There are 2 protein chains.
Amino acid sequence: MTESLAKVNRRWQILSMSRTRTKTPKSETTRQAILAAAQRQFYENGYDGASVRRIARAVPIDPAMIMRYFGSKEGLFSAAVVIDLKLPDPGAIPRDRAGTALVAHFLNLWEGERSAIGLPILLRSAVSNQDASDKIRAVFEKQVAPTVAGLTGADDADTRAALIVSQLFGLALCRYVLKLPPVAEMTQDEIIARIGPVVQGHLWRD
Amino acid sequence: MTESLAKVNRRWQILSMSRTRTKTPKSETTRQAILAAAQRQFYENGYDGASVRRIARAVPIDPAMIMRYFGSKEGLFSAAVVIDLKLPDPGAIPRDRAGTALVAHFLNLWEGERSAIGLPILLRSAVSNQDASDKIRAVFEKQVAPTVAGLTGADDADTRAALIVSQLFGLALCRYVLKLPPVAEMTQDEIIARIGPVVQGHLWRD
DNA sequence: CGAAAAAGTCAACATGCGTTGACATCCTGA
DNA sequence: TCAGGATGTCAACGCATGTTGACTTTTTCG
């Protein structure tokens, strides 16, 4: 009985933690520290390569705390990786240079300050973790596809969105994960100039 | 002394195995069985996800045999994953449809019978295994880059090759690893029609 | 202050991993 | 036939993993 109540209480505590508070009890501090360390580890090593124990050692904190705060490694991953592509309103994008605008947007997103919590984590993790694959699919359906549909009036907008995504993921894969020399060394402007027309073509060719 | 000799002998045996023989002693049979099982496991789970023990169980054979035949898990991986893109001679490719020809070639390669020993294995493994990343770079430098250079006379052929690779890897990633619905469900012809012009553009635009 | 709750520590569990060396069996060739 | 090498089995090693429950310390608040 008491055990059951304690577990319920603990679970409530975990849930309530997900909202930020004004007075931020001590726990919120370590919670954020855990998330930051987890993001870094997941980014560098993927889901399988990152271990709860090493994340805990980096905080530093006892591994048991991670289980208390996030329930499981999967829970930690879900909490650490939240993707918001911040795609602009399709209406605000000039039609004639939408391709370059999109490529520039993603490069900023991937190489900005908070890049570690972005799609590259998912790329590294998706090969071995079903959750990561699912998240990628969700991002595609809820963020990329609608934006592309808003840009092209075409009825095969989903296919066009998928082709754009395949080019952008290929870019991210070669540049951040494989670090294939020519791709990794190009400047942002070079990439925009080369890939932009491709995206533009996927949007409006045919 | 005797130990040392035995080890040398064993190493010689391992090396000599890498050549195929006409009389194929019993060992060659199991060696091939191990390789086949390893290719399947590496393909489905990547380098880290595949375990020596599970590969052995699939043969079936004792895990110790794998160590005897290939020395280590890394050795098994190197032996199991040999990439030959079988790229045609650049001179034999019609200039005006080189893009579609290349895309069709890769689709055949990836979706043919022996697809499991191909690049998708490396994609799944490269996120966690340095050897896999190195192999991808080697394939790029020795097979893709020269072919592209032979097609375009351009002096930035390396960059063009890298852009083509980023598009093709993105395609493979979305279709075989992430199984992103629109990409995974397109027919080969649709993909050729859509991606072919992109590759063509990377070859000759500007 | 002092009790209750929250935060954090510690040791242990079961499991799977790559790898090793000693041992048993099979097959070949002199 | 039978010795010796090739082939295969077995048990164990040291290690790292995710997770758990009992425990101690710190913080909060009536």
Side-chain angles (χ1 to χ4, degrees), chain A residues 2-17 21 23-34 37-38 41-42 45-78 128-129 131, chain B residues 2-17 21 23-34 37-38 41-42 45-78 128-129 131:
Chain A
T2 51
E3 279 186 12
S4 176
L5 277 181
K7 285 209 172 180
V8 168
N9 196 18
R10 180 179 299 173
R11 190 156 294 278
W12 172 86
Q13 166 197 347
I14 291 173
L15 289 176
S16 72
M17 283 304 165
R21 298 193 189 172
K23 289 198 63 176
T24 61
K26 300 273 177 185
S27 80
E28 192 59 23
T29 306
T30 63
R31 198 188 134 89
Q32 293 303 327
I34 293 172
Q41 291 291 326
F42 284 135
N45 305 106
Y47 181 83
D48 279 350
S51 79
V52 170
R53 295 169 118 102
R54 194 153 56 215
I55 291 168
R57 213 179 306 135
V59 173
I61 207 75
D62 191 275
M65 289 307 296
I66 293 183
M67 308 313 294
R68 201 119 86 80
Y69 277 59
F70 300 97
S72 69
K73 186 182 181 182
E74 294 262 356
L76 174 61
F77 184 77
S78 286
S128 58
N129 181 257
D131 264 27
Chain B
T2 51
E3 279 185 11
S4 175
L5 277 180
K7 285 208 172 181
V8 169
N9 196 17
R10 179 179 300 173
R11 192 157 292 276
W12 173 87
Q13 166 197 346
I14 290 172
L15 289 176
S16 73
M17 282 305 166
R21 297 192 187 174
K23 289 197 62 178
T24 61
K26 302 274 177 184
S27 79
E28 191 59 24
T29 306
T30 64
R31 198 188 133 88
Q32 293 302 327
I34 292 172
Q41 291 290 327
F42 283 135
N45 304 107
Y47 182 84
D48 279 350
S51 80
V52 171
R53 296 169 120 102
R54 196 155 51 213
I55 292 168
R57 213 178 306 135
V59 173
I61 208 76
D62 191 277
M65 289 308 296
I66 293 183
M67 308 313 294
R68 198 115 87 79
Y69 277 60
F70 300 96
S72 68
K73 186 182 181 181
E74 294 262 357
L76 173 62
F77 185 76
S78 286
S128 58
N129 181 255
D131 264 27

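Every heavy atom of this structure was used, including side-chain atoms; hydrogens, water molecules and symmetry mates were not. None of the values given here were measured: they were computed from a predicted structure. Quick note on labels: first sequence line is chain A, next is B, and so on, each numbered from 1.
Distance from the side chain of B/Asp62 is smallest for D/dT9 among the nucleotides C/dG8, C/dC10, D/dT9. If you check D/dG8, D/dG21, C/dG8 against the side chain of A/Met65, the one that comes closest is C/dG8.
Between the CD atom of B/Glu28 and the P atom of D/dA6 there is a distance of 15 Å, given to the nearest Å. Atom C1' of nucleotide D/dT19 and atom CD of A/Glu74 are separated by 14 Å, given to the nearest angstrom. Atom CZ in A/Arg68 sits about 10 Å away from atom P in C/dT9, given to the nearest Å. Summarising the geometry, the separation between CD1 on B/Ile61 and C1' on D/dT9 is reported as 9 Å, rounded to the nearest angstrom. At whole-Å resolution of the value, CD in A/Gln41 and P in D/dG18 are 11 Å apart. Look at CZ on A/Phe70: it is 13 Å from P on D/dT19, rounded to the nearest Å. Put simply, CG on A/Asn129 is 12 Å from P on D/dG18, counting in whole angstrom units.
Taking only side-chain nitrogens and oxygens, B/Tyr69 comes nearer than 4.0 Å to OP1 or OP2 of D/dG8. Remark: B/Ser72 is not in phosphate contact with C/dG18, judged by side-chain N or O atoms under 4.0 Å from OP1 or OP2.
Taking the side chain as every heavy atom from C-beta outward, A/Leu76 and A/Ile34 approach each other to under 4.5 Å.
In this structure, CD on B/Gln32 lies 10.5 Å from OH on B/Tyr69, to the nearest 0.5 angstrom.
Judged by distance alone, the side chain of B/Ser72 and the main-chain N or O of B/Gly75 form a donor-acceptor pair under 3.5 Å.
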Return all side-chain donor-acceptor pairs below 3.5 angstrom for residues 46-55 of chain A, not counting sequence neighbours, or 'none' if the list is empty.
unit_1: A/Tyr47; atom_1: OH; unit_2: A/Glu74; atom_2: N; d: 3.4
unit_1: A/Asp48; atom_1: OD2; unit_2: A/Ser128; atom_2: OG; d: 3.0
unit_1: A/Ser51; atom_1: OG; unit_2: A/Arg54; atom_2: N; d: 3.0
unit_1: A/Arg54; atom_1: NH2; unit_2: A/Gly49; atom_2: O; d: 2.9

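Taking B/Ser78 as the reference, B/Asp131, B/Lys135 meet the side-chain contact (heavy atoms from CB on, under 4.5 Å) condition, with sequence neighbours excluded.
The minimum heavy-atom distance linking B/Ala58 with B/Ala37 is given by the pair CB-CB, 4.3 Å.
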Pairs: protein N or O with nucleotides 15-17 of chain D N or O, under 3.5 Å:
unit_1: D/dT17; atom_1: OP1; unit_2: A/Ser51; atom_2: OG; d: 3.0

